[in-house]
Asks: 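Please find one structure pasted underneath; my questions will follow.
Throughout, residue positions are numbered sequentially from 1 according to the sequence presented. What you see is a predicted model; the values in this text were computed from it and never measured.
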Amino acid sequence: LKAAEEMKATLAVRSAEAEVLQQRNTQLEAQLAKLEAKAQTAEAGFQAQREEWNFEREKQHQTILDGSKMQERLRQEARHLENKNSELTAAQSELTRQITQLRERGSEESGEARRL
């Protein structure tokens with residue numbers, strides 16, 4: 001009978017210990033769930049940040065490409081304008097030469113007209 005009482009007491013102690021361990025396990029599982037939720041939130045935040053950085057980097061890359069294209073267009077336009085300027089300078093020189101010839105001819109004809 002005494003052994004049965006001792007077994008009963010041991011069983012009650014073990015049962016109480018099991019209950020305490022079960023409560024502790026439940027608390028740990030709740031903490032783990034909270035930590036997993038925080039980790040998921042952090043991962044989502046990191047992913048959003050990565051996506052934002054990638055977007056900004058792509059935007060900067062596109063800006064550089066656009067700037068390079070614009071620079072090339074400006075170079076082409078500058079070459080075109082330089083060529084046009086050369087053509088106009090040559091035309092101006094030709095007109096100046098013709099004006100000079102006309103003036104010389106006008107002077108010659110004026111001199112002949114006075115002689116006559």
Side-chain angles (χ1 to χ4, degrees):
L1 188 63
K2 188 175 180 181
E5 288 291 324
E6 284 178 6
M7 287 286 264
K8 198 174 181 183
T10 300
L11 186 57
V13 168
R14 296 279 186 238
S15 181
E17 289 174 347
E19 181 62 30
V20 168
L21 288 175
Q22 182 60 41
Q23 288 174 357
R24 181 68 180 141
N25 190 35
T26 301
Q27 289 172 346
L28 290 174
E29 285 174 350
Q31 287 177 344
L32 178 61
K34 286 179 185 178
L35 289 174
E36 286 174 343
K38 283 182 181 180
Q40 287 177 347
T41 300
E43 180 58 32
F46 292 147
Q47 181 63 30
Q49 186 64 51
R50 268 193 302 274
E51 288 173 9
E52 184 179 335
W53 287 337
N54 287 340
F55 176 76
E56 287 299 320
R57 187 178 65 222
E58 185 59 33
K59 217 166 69 172
Q60 289 173 350
H61 181 68
Q62 190 60 46
T63 300
I64 290 168
L65 288 177
D66 291 347
S68 295
K69 289 176 187 175
M70 176 67 83
Q71 195 174 31
E72 183 55 32
R73 275 198 306 268
L74 291 173
R75 280 190 192 116
Q76 289 174 357
E77 188 175 333
R79 280 193 296 271
H80 173 74
L81 291 173
E82 286 171 0
N83 290 339
K84 200 62 158 167
N85 188 42
S86 294
E87 291 172 14
L88 291 173
T89 300
Q92 183 181 22
S93 295
E94 178 60 23
L95 288 174
T96 302
R97 187 188 65 75
Q98 289 176 5
I99 290 169
T100 302
Q101 282 180 345
L102 288 174
R103 284 184 181 150
E104 288 172 357
R105 203 176 312 153
S107 292
E108 290 171 6
E109 288 176 3
S110 176
E112 279 185 41
R114 276 190 242 138
R115 276 187 240 129
L116 295 174

Asks: Does the distance from a Lys or Arg side-chain N to an Asp or Glu carboxylate O, for Lys84 and Glu87, drop under 4.0 Å?
Replies: yes

Asks: List in chain and number order the residues that pass side-chain hydrogen bond (donor to acceptor under 3.5 Å, both in side chains) with Asn83, two or more places apart in sequence or in another chain; answer none if no residue qualifies.
Replies: none

Asks: Can you tell whether the side chains of Glu94 and Arg97 come within less than 4.0 Å, N to carboxylate O?
Replies: yes

Asks: Does the pair Arg75/Glu72 count as a salt bridge with the N-to-O cut at 4.0 Å?
Replies: yes

Asks: When you look at Gln60 and Glu56, which way does the side chain to side chain donor-acceptor pair (under 3.5 Å) test go after all the steps?
Replies: CA-CA 6 Å; Gln60 289 173 350; Glu56 287 299 320; 5.2 Å; no

Asks: To the closest 0.5 Å, what do you measure between CG (Asn85) and NE2 (His80)?
Replies: 11.0 Å

Asks: Enter the distance from Ser68:OG to Arg73:CZ here, rounded to the nearest 0.5 Å.
Replies: 11.0 Å

Asks: About how many Å separate NE2 of His61 and CG of Asp66, when rounded to the nearest 0.5 Å?
Replies: 10.0 Å

Asks: Return a table of donor-acceptor pairs under 3.5 angstrom between the side chains of residues 30-46 and protein atoms on other chains or two or more places apart.
Replies:
residue	atom	partner	partner atom	Å
Thr41	OG1	Ala37	O	2.9
Glu43	OE2	Arg50	NH2	3.1

Asks: Nearest 0.5 Å, please: how far is OG1 in Thr89 from CD in Gln92?
Replies: 6.5 Å

Asks: Give a yes or no on whether a salt bridge exists between Glu5 and Lys2, defined as a side-chain N under 4.0 angstrom from a carboxylate O.
Replies: no

Asks: Could you state the interatomic distance from CD (Glu77) to CD (Glu82), rounded to the nearest 0.5 Å?
Replies: 11.5 Å

Asks: In Å and rounded to the nearest 0.5 Å, what is the OG1 to CZ distance from Thr100 to Arg105?
Replies: 12.0 Å

Asks: Passes side chain to side chain contact (heavy atoms under 4.5 Å, CB included), Glu19 versus Gln23? Steps please.
Replies: CA-CA 6 Å; Glu19 181 62 30; Gln23 288 174 357; 3.4 Å; yes

